[in-house]
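Below is one structure, written out as structure tokens; the observations come after it.
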Amino acid sequence: MNAYLMSKDAKSQANFYIESLGGEIRFMNTYGDASGAPEAMKDKVMHLALTVAGTNSLMLSDAFEPVMYNRSVSLSLTYNNNNETEARAAYAKLSEGGESKYPFALQPWGAYYGEVIDRFGVTWMITKI
């Protein structure tokens, strides 16, 4: 299963995730790449696929309707390595311009965990096991 986010500005959102988590855009096309697209849509993203935080895939598209994220769906990002620093940095960067919901800290179950809503309204659950 892969996450596919509808976005108000897919290019900016993808670049924010690349800055925050490391990664790259693997593929992107715009509505202008398809024949018959309205002029107002030509620069809008039809499909964008990126890899972030190692080998995690994330896809985005510019939405035709207003974008509204809610807390009933979250992106869960798990770091399996012994480097707490990388997970903590991801949490901090995703928090920039967003909202820290649950501070990144060692939990009673033995893992580090934190929850943040990024500047685009997406909820991230960051875990380091």
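Values below: every heavy atom of this structure, side chains too, minus hydrogens, waters and symmetry copies. Starting from 1, each residue takes its place in the sequence as its number. Keep in mind that this is a model prediction, so the values were computed, not measured.
- A continuous path of Ile, Leu, Val, Met, Phe, Trp and Tyr side chains, each step under 4.5 Å between heavy atoms, connects Leu58 with Met28, placing both in one hydrophobic cluster.
- If you check the side chains of Ser7 and Asp9, you find no donor sitting under 3.5 Å from an acceptor.
- Minimum interatomic distance between Met6 and Val67 (heavy atoms only, all atoms of both residues): O-CG1, 3.5 Å.
- Screening residues 47-82 for ring-ring contact (aromatic ring centres under 6.0 Å, His included) gives Tyr4-His47, Phe27-His47, Tyr31-Phe64 as the qualifying pairs, with residues at least two apart or on separate chains.
- Rounding to the nearest 0.5 Å gives a distance of 8.0 Å between OG of Ser20 and CG of Asp118.
- Nearest heavy atom pair, residue Leu48 against residue Ala10, reads CD1-O, 4.3 Å.
- For the atom pair CG of Asn29 and NZ of Lys44, the computed distance is 15.0 Å after rounding to the nearest 0.5 Å.
- By the 4.5 Å heavy-atom criterion applied to side chains, Thr127 and Leu77 are not counted as neighbours.
- The side chain to side chain donor-acceptor pair (under 3.5 Å) test with Tyr112 is passed by exactly one of Glu84, Gln107, Arg88: Glu84.
- Looking only at distances, a side-chain donor or acceptor of Arg26 sits under 3.5 Å from a matching main-chain atom of Leu50.
- The minimum heavy-atom distance linking Val45 with Ser61 is given by the pair O-OG, 3.3 Å.
- Both Ile25 and Phe120 sit in one connected hydrophobic cluster of ILVMFWY residues. Membership requires side-chain heavy atoms under 4.5 Å apart, directly or through other members.
- Gln13 is listed as a side-chain neighbour of Leu5, based on a closest heavy-atom distance under 4.5 Å.
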Decide side-chain contact (heavy atoms from CB on, under 4.5 Å) for Glu96 and Arg119; before the verdict, give the C-alpha distance in whole Å, the side-chain angles of both, and the deciding distance to 0.1 Å. CA-CA 7 Å; Glu96 291 174 7; Arg119 68 175 76 165; 4.1 Å; yes
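- Taking 4.5 Å as the limit, some side-chain heavy atom of Asn2 sits within range of a side-chain heavy atom of Met59.
- Atom NZ of Lys42 sits in a crowded spot, with more than 12 heavy atoms from other residues, nucleotides or ligands closer than 6.0 Å.
- Under the 6.0 Å cut-off for aromatic ring centres, Tyr113 and Phe104 do not qualify, their centroids lying 6.0 Å or more apart.
- Considering all non-hydrogen atoms of both residues, Ser74 and Met125 come closest at CB-SD, 3.5 Å.
- Side-chain N or O atoms of Asn56 include one that pairs as donor or acceptor with a backbone N or O of Ala53 at under 3.5 Å.
- The residue from Leu75, Leu94, Thr78 that alone fulfils the side chain to side chain contact (heavy atoms under 4.5 Å, CB included) condition with Ile126 is Leu94.
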Passes side-chain contact (heavy atoms from CB on, under 4.5 Å), Tyr102 versus Tyr91? Steps please. CA-CA 10 Å; Tyr102 196 85; Tyr91 178 88; 5.7 Å; no
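- The shortest side-chain heavy-atom distance between Glu115 and Arg71 falls under the 4.5 Å cut-off.
- Using a 4.5 Å heavy-atom cutoff, the side chains of Lys101 and Ile117 are in contact.
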Test log, rule side-chain contact (heavy atoms from CB on, under 4.5 Å), inputs Tyr17 and Thr51: CA-CA 9 Å; Tyr17 295 149; Thr51 303; over 6 Å; no
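- Around CG of Asp43, the count of heavy atoms belonging to other residues, nucleotides or ligands within 6.0 Å does not exceed 12.
- The two residues Gly23 and Ile18 come nearest to each other via the heavy atoms O-CG2, 3.4 Å.
- Here Met68 contributes atom CE and Lys8 contributes atom NZ; the two are 13.0 Å apart, rounded to the nearest 0.5 Å.
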